[in-house]
> 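Before we start, here is the structure in question, set down as structure tokens.
All residue numbers refer to positions in the sequence shown, counting from 1.
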Amino acid sequence: MNKTILPRLSTMMFLQFFVWGAWYVTIGNYMTAHGMADLTHWPYTVNPIAAIIAPFFLGMIADRYFATERVLGVLHLLGAAIMFYVPQTTDNPTLFIAMLLAYNLCYMPTLGLTNSLAFHNIQDQERQFPVVRVFGTIGWIAAGLFISYVLVYFVTDRLPDTTPLPLYTTAFSSVLLGLYSFSLPHTPPPAKGEKTSLRSILGIDAYHYLKSKSFIVFLISSFLISIPLAAYYNFAPIFVNYTGFERPAATMSLGQVSEVVFMLLMPLFFVRLGVKKMLLLGMGAWVLRYAFFAFSAPDGVFWMVITGVLLHGICYDFFFVTGQVYVDKKSTAKIRGQAQGFLVFITYGVGMLIGAQIAGEVYNSFLGTAEALTPSQWNNFWLIPCAFAGAIMLFFGLLFKDKVDQKQ
């Protein structure tokens, strides 16, 4: 394998998640500051809608007609053009949300594309993919720090999170990644020339090759755990801001700092624990996180809030990244793009779509006509995803028994 491959793939991952982190964490505070407090769940709804549509790009285009790196570049450049326009629509909430949907239709397919491109160009998934993927986490951290510690010099008397600057940062970095994508290793379409069908586009054909009782349990658990995940992405930044942290974007990036640590340790954990225990630990961390948020709310206990944020490393790495590796090890080169796209479809797509709507409805039911939740309301709000995640963990622990990945 070419020695420059890993650095090039790592740069790709850094930019990929810098782009996402620049707007995703701050959008709730931006909308709240511009009279859209009761609509903050909609960006976290259009995002998974785009993830549901993503398999059409992955299955039909990337796997069959065009090289992966070219599709990646075009989508990021198109997304950049849309994001440049988004701040101009702030006074029109409907158009604002529609433009975010258009942007996400460009961005969400690139999550599966970067994964499949990386897996195609590495030889040892368990050892090399975490090393590549960790730079995505570093990119997300860099975005949060850039917003809190660099953009702050361009504003006065308000948080940069509440200004359009993070949105413009997303647009500029999307241009950079779009241009860089064309320099990535050539990754030809693995299913070129094969007949296209709705089954293959949606990943149903990939599911046919992968299905087993435990794989189905994994898919159901991945779908279900994505529902409480939406509550974190949507309302944790608002909660952190409410608790009194002066730089909410930077505070939220502490979760990605822990993600870096655990990502680098993942090869060791794969050997020592195996897939099932890692997935269980990931889900258990979700339970603990929401419990810390709930019990910190009444008195604003800072260390509990920080601990809840820091648990993101285990929450994300041990479930979602482990799940990506698990799916890849169960796949073949022919269906790799479909399989990763299918995972995006059920997690970032259907799961987070349902989760965003449920979280939004629950939040608004507590909010009523007020401007913010009370401490006791925050406590009750976080206990709901806590209990839900605990039930999923029990379901997975009892039914998942797959040993195949540990023998490969």
> Would you say M12 and E69 make side-chain contact, with heavy atoms under 4.5 Å?
no
> So which atom in A143 and which in G21 form the shortest heavy-atom distance, rounded to 0.1 Å?
CB-C, 3.8 Å
> If I take atom CG from residue L343 and atom CG from residue L219, how far apart are they, to the nearest 0.5 angstrom?
7.5 Å
> Quick one, V305 and V240 - any side-chain contact, counting heavy atoms below 4.5 Å?
yes
> State whether the side chain of Y290 and the backbone N or O of P228 hold a donor-acceptor pair below 3.5 Å, judged by distance alone.
yes
> If the test is side chain to side chain contact (heavy atoms under 4.5 Å, CB included), which one of S214, S221, S222 qualifies with F396?
S221
> For M304, is there any backbone N or O sitting under 3.5 Å from a side-chain donor or acceptor partner on S296?
no
> Which atom pair, heavy atoms only, marks the closest approach of I392 to M283?
CG2-SD, 3.8 Å
> Do the non-hydrogen side-chain atoms of F17 and L111 ever get within less than 4.5 Å of each other?
yes
> Within a strict 4.5 Å, meaning less than it, do heavy atoms of the I225 and L229 side chains meet?
no
> Is K276 reaching over with its side chain to a backbone N or O of G397, donor-acceptor style, under 3.5 angstrom?
yes
> Please lay out, stage by stage, how I5 and R8 fare under the test side-chain contact (heavy atoms from CB on, under 4.5 Å).
CA-CA 5 Å; I5 291 295; R8 293 166 68 189; 4.2 Å; yes
> Using atom types as modelled and distance alone, determine if a side-chain donor or acceptor of N379 lies under 3.5 Å from a backbone N or O of A294.
yes
> Can you confirm whether D161 sits close enough to N241 that some side-chain heavy atom of one is under 4.5 Å from a side-chain heavy atom of the other?
no
> Taking the six-membered ring of F182, is NZ or CZ of R70 closer than 6.0 Å to its centre and within 45° of its axis?
no
> May I ask you to test the F395-V217 pair for a side-chain heavy-atom distance under 4.5 Å?
yes
> What I want to check is whether the side chains of Y30 and T90 have a donor and an acceptor closer together than 3.5 Å.
yes
> Does any part of the side chain of F18, heavy atoms only, come nearer than 4.5 Å to the side chain of W140, both counted from C-beta?
no
> With side-chain contact (heavy atoms from CB on, under 4.5 Å) as the criterion, how do V325 and V275 come out once you've worked through the C-alpha distance, each side chain's angles and the decisive distance to 0.1 Å?
CA-CA 9 Å; V325 174; V275 166; over 6 Å; no
> Atom CG in L75, atom CG in L105: separation rounded to 0.5 Å?
10.0 Å
> Could you tell me the separation between the CD1 atom of I49 and the CH2 atom of W42, rounded to the nearest 0.5 Å?
6.5 Å
> For the aromatic rings, using the six-membered ring if either is Trp, is the centroid distance between F245 and F302 under 6.0 Å?
yes
> Given the side-chain rings of F318 and F269, with only the six-membered ring counted for Trp, is the space between their centroids under 6.0 Å?
yes
> Between I27 and Y44, which heavy-atom pair has the shortest distance, and what is it?
CG2-OH, 3.2 Å
> Determine yes or no for a side-chain-to-main-chain donor-acceptor pair under 3.5 angstrom, with S148 supplying the side chain and L145 the backbone.
no
> Search all heavy atoms of F293 against all heavy atoms of A236 and return the closest pair with its distance.
CE1-CB, 4.1 Å
> Atom CG in L280, atom CG in L273: separation rounded to 0.5 Å?
10.5 Å
> With a 3.5 Å distance limit and no angle check, can you tell me whether T40 reaches the backbone of G28 through a side-chain donor-acceptor pair?
no
> Could you walk me through whether Q16 and H76 pass the side-chain hydrogen bond (donor to acceptor under 3.5 Å, both in side chains) test, one step at a time?
CA-CA 9 Å; Q16 175 74 20; H76 276 299; 2.9 Å; yes
> If you measure from CG on L279 to CZ on F320, what distance do you get to the nearest 0.5 Å?
10.5 Å
> For residues P166 and P160, report the shortest heavy-atom separation together with the two atoms involved.
CD-O, 3.4 Å
> So F235 and Y363, would you call those rings parallel, tilted or perpendicular, with 30° and 60° as cut-offs?
parallel
> Can any side-chain N or O of S365 pair as donor or acceptor with the backbone N or O of V362 at less than 3.5 Å?
yes
> Would you please indicate yes or no on a ring centroid separation below 6.0 angstrom for H312 and Y232?
yes
> If we ignore hydrogens and angles and just use 3.5 Å, is the side chain of T110 paired with the main-chain N or O of C106 as donor and acceptor?
no
> What heavy-atom pair brings M108 and A50 nearest, and what distance separates the two atoms?
CG-CB, 3.6 Å
> Are any side-chain N or O atoms of N364 and backbone N or O atoms of L367, one a donor and one an acceptor, separated by less than 3.5 Å?
no
> Donor-acceptor check, side chain of N234 to backbone of A230, threshold 3.5 angstrom: yes or no?
no
> Would you indicate whether the side-chain heavy atoms of Y103 and S174 approach each other to under 4.5 Å?
yes
> Can you establish whether the number of heavy atoms outside F239 located under 6.0 Å from its atom CZ is more than 12?
yes
> Run the side-chain hydrogen bond (donor to acceptor under 3.5 Å, both in side chains) test on T187 and N121 for me, step by step, so that the C-alpha distance in whole Å, both residues' side-chain angles and the decisive distance to 0.1 Å come before the verdict.
CA-CA 8 Å; T187 307; N121 289 283; 3.2 Å; yes
> For E259, is there an ion pair with R133 - N to carboxylate O distance below 4.0 angstrom?
yes
> Drop me the distance from T26's OG1 to I147's CD1, to the nearest 0.5 angstrom.
4.5 Å
> Using side-chain hydrogen bond (donor to acceptor under 3.5 Å, both in side chains), reason through N47 and N104 one step at a time and then give a plain yes or no.
CA-CA 6 Å; N47 185 261; N104 278 285; 2.5 Å; yes
> Please assess M393 against W286 for the test side-chain contact (heavy atoms from CB on, under 4.5 Å), listing each intermediate value before the final yes or no.
CA-CA 9 Å; M393 178 182 176; W286 285 107; over 6 Å; no
> Just wondering, more than 12 heavy atoms not from F172 lying within 6.0 Å of its CZ?
no
> Begin from the C-alpha positions of V309 and F292 and carry the test side-chain contact (heavy atoms from CB on, under 4.5 Å) through to its verdict.
CA-CA 9 Å; V309 172; F292 276 123; over 6 Å; no
